[in-house]
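The structure appears right after this line, and notes come after that.
Excluded from the calculations below are hydrogen atoms, water molecules and symmetry mates; all remaining heavy atoms, backbone and side chain alike, are included. Indexing begins at 1, ligand by ligand and atom by atom, following the structure's order. Owing to the predicted nature of the structure, the values given are computational and were not obtained by experimental measurement.
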Amino acid sequence: MICGSGLGAITDTLTQKQCFPYEEIPHFPTSTVKGHVGQMVFGYLHGVPIMCMQGRFHYYEGYPLWKCAMPVRVMKLIGVTHLIVTNAAGGLNSTYNPGDIMLMKDHVNIMGFAGNNPLQGPNDDRFGPRFLAMNKAYDKQLLAICDEVVEEMGLQNITHKGVYTCLGGPNYETVAEMKLLRVLGVDAIGMSTVHEVITARHCDMKIVAFSLITNRCVDDYDDHTEVNHEEVMVTGKRMEGLLKEFVSRIVSRIKETFEDA
Ligand SMILES: Nc1nc2ncn(CCNC(CO)CO)c2c(=O)[nH]1
């Protein structure tokens, strides 16, 4: 699992936890962002062994995308098969409200348009192919499991399926940028996740990802509200209980699916 801004409480669901601060892990970057604890947490959830990044690394912290996503390859080498990625995101789709969940059905790798990609450079054949198909990055079976959990928890009114994009940050978007992203079919905007998903897909992990919509993206020159990180974390804190239950039930169903396989 990868926990986004303010979503680190998801690790509270784990038992027999062993925590390793990133600064104690050789060659790992360190988390410098408020709301990101900065440690790798190992534990169990419904008897399933879990490796969880409590806090992630971002391009805007000064790390190249391959380094931000490097922990995904460490997870692969340790034997992780399924990746649950969470993030806090701004809701560009006007039907989204703070506190909503957006299940990622796809992403727009806008940083990749300029070739800024975690797989740039010589391909490491130990993990995957030189040229990677991305049309099935978001696993349909895992999305169906999310749909079942949404139904079970009665979250239909606050849950959406949409398209996410990752900008480099650390600034939030301008009005013109939000208007452009809306034209491109983007529903939620963040500063993470896409490079982690590309890296996970490259090494054939099954991936499910969702955004907690922490604030509205307002593409109106007459609206003077300004997004800020505190607001992002406040919404994360408000929704942490529900998200813990949501993720817990997803893992439980993945376990059932694996046991039936
Ligand atoms: N408009 C907008 N709203 C958002 N809410 C959360 N994030 C994700 C970025 N989170 C950063 C700063 O809050 C910390 O990684 C964003 C974003 O990128 N844009």
State, yes or no, whether a side-chain contact exists between Met104 and Ser211 at a heavy-atom distance under 4.5 Å.
-> yes

Please check if atom OH in Tyr59 has more than 12 non-hydrogen atoms from other residues, nucleotides or ligands closer than 6.0 Å.
-> no

Nearest non-hydrogen protein atom, atom 7 (N) of ligand 1 | Ala88 O, 3.6 Å

Of the protein's non-hydrogen atoms, which lies at the shortest distance from atom 10 (N) of ligand 1, and what is that distance?
-> Ser5 OG, 4.3 Å

With a cut-off of 4.0 Å, which atoms of ligand 1 are near a heavy atom of Gly90?
-> 2 (C), 3 (N), 4 (C), 5 (N), 6 (C), 16 (C)

Short version for Ala89: what comes under 4.0 Å of ligand 1, heavy atoms counted, is backbone

Please identify which atoms of ligand 1 are closer than 4.0 Å to at least one heavy atom of Cys217.
-> 1 (N)

Close side-chain approach of Asn97 and Ile158, heavy atoms under 4.5 Å = no

Atom pair CD1/CG of Ile110 and Asn116 - distance to nearest 0.5 Å = 12.0 Å

More than 12 heavy atoms of other groups within 6.0 Å of Lys206 NZ = no

Close-contact set for ligand 1 against Thr214 heavy atoms, below 4.0 Å | 5 (N), 6 (C)

Which of the atoms of ligand 1 are close to Val232, meaning less than 4.0 Å from one of its heavy atoms?
-> 5 (N), 6 (C), 13 (O)

Say you draw a straight line from CG of Leu92 to CE of Met102; how long is it, rounded to the nearest 0.5 Å?
-> 10.5 Å

From atom 19 (N) of ligand 1, work out which of Glu61, Glu173, His58 has a heavy atom at the shortest distance.
-> Glu173

Can you tell me the protein heavy atom closest to atom 3 (N) of ligand 1 and the distance?
-> Asn215 ND2, 2.9 Å

Ile189 side chain reached by Leu181 side chain, heavy atoms, under 4.5 Å = yes

From the candidates Tyr172, Tyr60, Tyr59, the one that places a heavy atom nearest atom 12 (C) of ligand 1 | Tyr172

Leu77 side chain near Arg126 side chain, heavy-atom distance below 4.5 Å | no

What part of Asn87, side chain from CB on, backbone N/CA/C/O, both or neither, has a heavy atom under 4.0 Å from ligand 1?
-> neither

